[in-house]
Protein chains: 4
Amino acid sequence: MKAVKYAGPYRVAVEDVPEPPIEAPGDAIVRITTTNICGSDLHMYEGRTGVEEGKILGHENMGIVEDTGPAVTRIMPGDRVSVPFNIACGTCRNCVAGWTSFCLRTNPTEGVDGAAYGYDQMGPYDGGQAEYLRVPFADFNLLALPSGAEWERDFAMLSDIFPTGYHGAELAGVGPGDTVAVFGAGPVGLLAAHSSYLRGAARVFVADYQPDRLMLAERFDATPVNIADGNPAEQIRDATGGLGADRGIEAVGYQAHDPAGQEHPEMVLDGLVSAVRTTGGIGVVGVYVPQDAKAATDGAKEGRIGFDFGTLFQKGQRVGTGQCPVKRYNAALRDLIIAGQATPSLLVSHELPLAEAPDAYDKFDKRADGYTKVLLHP
Amino acid sequence: MKAVKYAGPYRVAVEDVPEPPIEAPGDAIVRITTTNICGSDLHMYEGRTGVEEGKILGHENMGIVEDTGPAVTRIMPGDRVSVPFNIACGTCRNCVAGWTSFCLRTNPTEGVDGAAYGYDQMGPYDGGQAEYLRVPFADFNLLALPSGAEWERDFAMLSDIFPTGYHGAELAGVGPGDTVAVFGAGPVGLLAAHSSYLRGAARVFVADYQPDRLMLAERFDATPVNIADGNPAEQIRDATGGLGADRGIEAVGYQAHDPAGQEHPEMVLDGLVSAVRTTGGIGVVGVYVPQDAKAATDGAKEGRIGFDFGTLFQKGQRVGTGQCPVKRYNAALRDLIIAGQATPSLLVSHELPLAEAPDAYDKFDKRADGYTKVLLHP
Amino acid sequence: MKAVKYAGPYRVAVEDVPEPPIEAPGDAIVRITTTNICGSDLHMYEGRTGVEEGKILGHENMGIVEDTGPAVTRIMPGDRVSVPFNIACGTCRNCVAGWTSFCLRTNPTEGVDGAAYGYDQMGPYDGGQAEYLRVPFADFNLLALPSGAEWERDFAMLSDIFPTGYHGAELAGVGPGDTVAVFGAGPVGLLAAHSSYLRGAARVFVADYQPDRLMLAERFDATPVNIADGNPAEQIRDATGGLGADRGIEAVGYQAHDPAGQEHPEMVLDGLVSAVRTTGGIGVVGVYVPQDAKAATDGAKEGRIGFDFGTLFQKGQRVGTGQCPVKRYNAALRDLIIAGQATPSLLVSHELPLAEAPDAYDKFDKRADGYTKVLLHP
Amino acid sequence: MKAVKYAGPYRVAVEDVPEPPIEAPGDAIVRITTTNICGSDLHMYEGRTGVEEGKILGHENMGIVEDTGPAVTRIMPGDRVSVPFNIACGTCRNCVAGWTSFCLRTNPTEGVDGAAYGYDQMGPYDGGQAEYLRVPFADFNLLALPSGAEWERDFAMLSDIFPTGYHGAELAGVGPGDTVAVFGAGPVGLLAAHSSYLRGAARVFVADYQPDRLMLAERFDATPVNIADGNPAEQIRDATGGLGADRGIEAVGYQAHDPAGQEHPEMVLDGLVSAVRTTGGIGVVGVYVPQDAKAATDGAKEGRIGFDFGTLFQKGQRVGTGQCPVKRYNAALRDLIIAGQATPSLLVSHELPLAEAPDAYDKFDKRADGYTKVLLHP
């Protein structure tokens, strides 16, 4: 079959590889119909991680079940399914508590809980930018979808970024009537805004400096806040009678940079502490890591982010963090898509055949030609 | 009447001052029977804040209602009451939501929500280390106690440190069966341990390096972790089969220092991130401030604490912070004292007349003669 | 001033009465701009309660603050306000816990917690179908609205039926992605449906047998279920693949009757137990009472409702009940109205001068001429 | 192997049967070390259900894993385990939500969600009053215990009655400082009291009329309320200053009878509605069923319980019901046993060899000789 492999910094290649077999009684093989390129794939693409060359990439996958092992009894061949990016055992303490993003059993990497497809440090699992994908613990992990082809673009958002945006809103504690400040108008930030409205938010602000992304924010009914126009926290406080937002969502991460391209690891957290009112909640789904030799500050190289914790404490704020447990949210989000309440596909910019992956990675990495979100069809 | 006034760094004086009058229809005047010296009073005593000379100190107060204004209908003269350290209006958005520690109306200080008695930056309110205290919005703020003198030492803990310790457990999300790591064996840390057990914790560790405090931790059934014996996070991980604690409580603050006396503002947060397992919660009731010109690092001088946020994110932890809304917890804790389930007074070391306040401040500040918790009786 | 008084079964009269004075330091006097007739006013109108003749009716009130007592510091004369139907002290245990509908201090009626304006058994308070209304504990009870006249019809729903519908959704536990079954398409049922969508429901069914109300349900995007077409629980189970709804809301009460007019006190609870799936939640805001000599069954005369509790237990359902604590929800709902997310006024059918109250009661009681919801303007 | 079979009303027999084989890849075979007789086994024993003759009884089981199927990877042969009475698939919607007591896939009985070992209507599964037991979906269902023999009697309570008592406290919403009224001092009621204290209750009342059970309640630090001394709700209200308890737990069921032996299906619910204060919660773990031809009233024969729902509504109470999802609680309760905080075995009255099961059933059914809780050791 054809698959997209990492081939060194700024290079991916579409190559022939063997089809994955059933390895364990709980496995399923999924024929991929849609697999997305994620912004976090670019971390590997840019050579900023230690991922080995030859790794098949892709953790945002959906398709049709082709085959199942003898212990699989809930999911059947022929089922249309969404594949959460987390690979979870379903029976460890964290999985049972709904924290599939921190499964204690599926990732052999020392010191890391939680596994994923086609990703650095997340276990020895191939990705789904390919014709077929092996899914462990299929009865637990796979989400059944209505058969047919309807909502394919919306359902393609269910494996990662829609639940991840929603998780930001959950960690922040967004509820009915709230005012929400989202920092970052990338796909996750936009779907954090969309999710905030689904949870009953009254007003959502989205801060960024890229005009095309701010226009997308408006399509999701959010109020754009252009960082180029001044301190975004001040803009949000001014728009809320000085109080600040009830909740804040971090959808950027430690590689945050100013419009001039300079990275400031603490910039977004500082902005949220300032933009959110006393007693408010902050959900962090933008990525922070314990080590990055190329980080912008000595602290950030070892995970230390010197943000304004003193003010955070004085304001009595709370902060939730970490990778999204997709399974906790994806069934509800699927039902909202079917009911017509949610339309995450508004942000999809390109649909391409798998063979065009190298060009798509290149353009997406350069944010050329309006590349916001790319779907690949094997 | 007699009152304890701040008189400059390392000096307090007991002086004659006028008795406080009823100023507003909702006021009550309380005759103080017990008023404690709090560890946070030492920040002012040591000259580390901007508190003005002449301020009457004392925010841990209880007594008998002497008089009430015409709008007070629930509390009656003669009632025995505990006075929460927070001064709350009872009708602003934060008060109504149960966040009396962030009242939007009682503190005129720019940029600070929440008021308190006898404290720097917390509004123009006299403290209760005196014979009488004026209590605004008395019907809302005062907690009724059984008449008589029983449980006086336990009830004296209800105005601040018992609820504050409990708040740490609440912010951390401590629940039945949990393993809890408390950093700091001062009064708040000890009562955070006590509170954790009241909420059903299975095991509580308390880390410190002072042997007398670690012995007190054992009296509260906690397992002492002596920092002098090595990295406390490692000790706790070793004692939990490598997993780490389910929950962590910060009861030290940014002035944390090593056994040699050197301050390390990020030390306790780092320890908790390391000691607590993936998906765990951390409650921060140790104090962090936006500015302190005498802080140990350039960052900490402006509230920036460069702790290991990268690992916190990778572990999917959550952090709650801030001053305790005493009223949210004090009725339940009172009832647990009466029922014999809670005995916070275990940590009281001294009971003295008000006149001995200067000596008590001096010894408590030096931690001399086993001064752990001092109660003053006017 | 003019006021609407109860004058015996099926009779109200508009009469001259003295304007209400400030009686206590915490009182405010509100000049009424809009006051609604509530379905529950008809219980008194029909002589089914023990309310005394001469009582001024009306508990759904809004207007402009005219005067305040000396203890009122948050609300100012000139403020536009919504008046929650509950009269709450703000300082008793239930009020502090957010249960203003069960205030322990404002209702002297033996055995009843919670007070209201102009209602039988709810304390000695005049109603607001008048030019002026006295509001006790004004700082706690009144909700501030933007000045001017905008959203008057929507804001008029904030004193009772919008929060009451929302409370039904809260008691049922409605959350994102849920399917909800609402029984009763009166004003409360319709706003329970509207509230369910605001909380993220994917699909809402509303069951009734009156075609005009079912058409209104469709205006709120709900799926109408016509009881005249067969068992509504079966219809809902059929529409949900046999599973049943995730949540159910009771918006009818014990006076539920079949299309032929025969009362069946247990009918709606039975329908919900059957329509809701295992582990689901049921919120009951339709009224049940401990005594009603005119009830349809011997049991119901003393509050006993012989519904199918055996099946409820076997399905592991939970049931929340009782009058709505308006203050818990009205600020969020106000903000959703202002943001354009909520439009409860869709169900308003008539706006009339206060003088036409007798005719309006008559027609509303007969459900003549499309009388769904009547607003009176003094 | 030897096994206890139902042999018709008031008869069980210990007979030789084949050992259970591995049937599915996820199965485990457990060698039983302790298996209890449950009060609910007596429903079958007394011929009050439709259970077929020859059924192996026993759903309170623990032991050592003897063998596992090829899909079992978490649990290993040799592991000491507790077997929850619920048989859950681990991957259906209810299981994933933590509602293993309402598994949608393991019970083929029409209209019933949730399966169990050796019980009428709960699926075709043999019970564990035998030498070996087959456990489906073993990785999901089995709870690992420390190896050895320590805490055997306490751990024997983890398969059903300790979690079931705890579930009553959870459904009632018991939290720190609460006053709790438990109706029924059988094993579940006693462990509901014990669980309430573990969750921080200040005071727990237990109402019954059997002196030996009331003495056991005292051993669990509860205040006994003897129904023979008068209306238990009145006694509890009197002991709480007229307010009533904050929370109530139903641990009796519809077969409740007065001291004279007459059944009153609505008696306990009425008592709880009366004993619990406004806004309080009621957890129902005593059993109610949709049909019982031998029930005491015409209503109860078809599941209709005519209790005082009018007062329940007027008091704004909430009610949670249903069989316990053991897996949600058993790990925490295990840890509390190991830590010495929980000692549910206080109520064990007899330990017998499996061969004495017929005599034990007979005496337990007659409540002879202090038979409170019987443990059988194969």
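Just so it is clear: chains get the letters A, B, ... in the order the sequence lines come, proteins before strands, and each one is counted from 1.
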Practice item. For Ala71(C), check side-chain contact (heavy atoms from CB on, under 4.5 Å) against everything at least two apart and list the hits. Key: Pro25(B), Ala71(B), Pro25(C)

Between chain B and chain C, which N or O donor and acceptor atoms come closer than 3.5 Å?
residue	atom	partner	partner atom	Å
Thr73(B)	O	Arg105(C)	NH2	3.3
Thr73(B)	OG1	Arg105(C)	NH2	2.7
Arg74(B)	NE	Thr91(C)	O	3.3
Thr91(B)	O	Arg74(C)	NE	3.3
Arg105(B)	NH2	Thr73(C)	O	3.3
Arg105(B)	NH2	Thr73(C)	OG1	2.7

Exercise for review: Decide yes or no for Val285(B) and Cys324(B): does some side-chain heavy atom of the first lie under 4.5 Å from some side-chain heavy atom of the second?
Suggested key: no

Exercise for review: Please tell me if the side chains of Val65(C) and Ile29(C) come closer than 4.5 Å, counting only heavy atoms from C-beta onward.
Suggested key: no

**Study point:** Contact summary for Gly90(C) and Phe140(B), nearest pair of heavy atoms
**Key:** O-CD1, 3.8 Å

**Study point:** Any side-chain heavy-atom pair of Leu145(B) and Val81(B) under 4.5 Å
**Key:** no

Practice item. For Gly26(B) and Val72(B), work out which heavy atoms get closest and say how close. Key: O-CG2, 3.3 Å

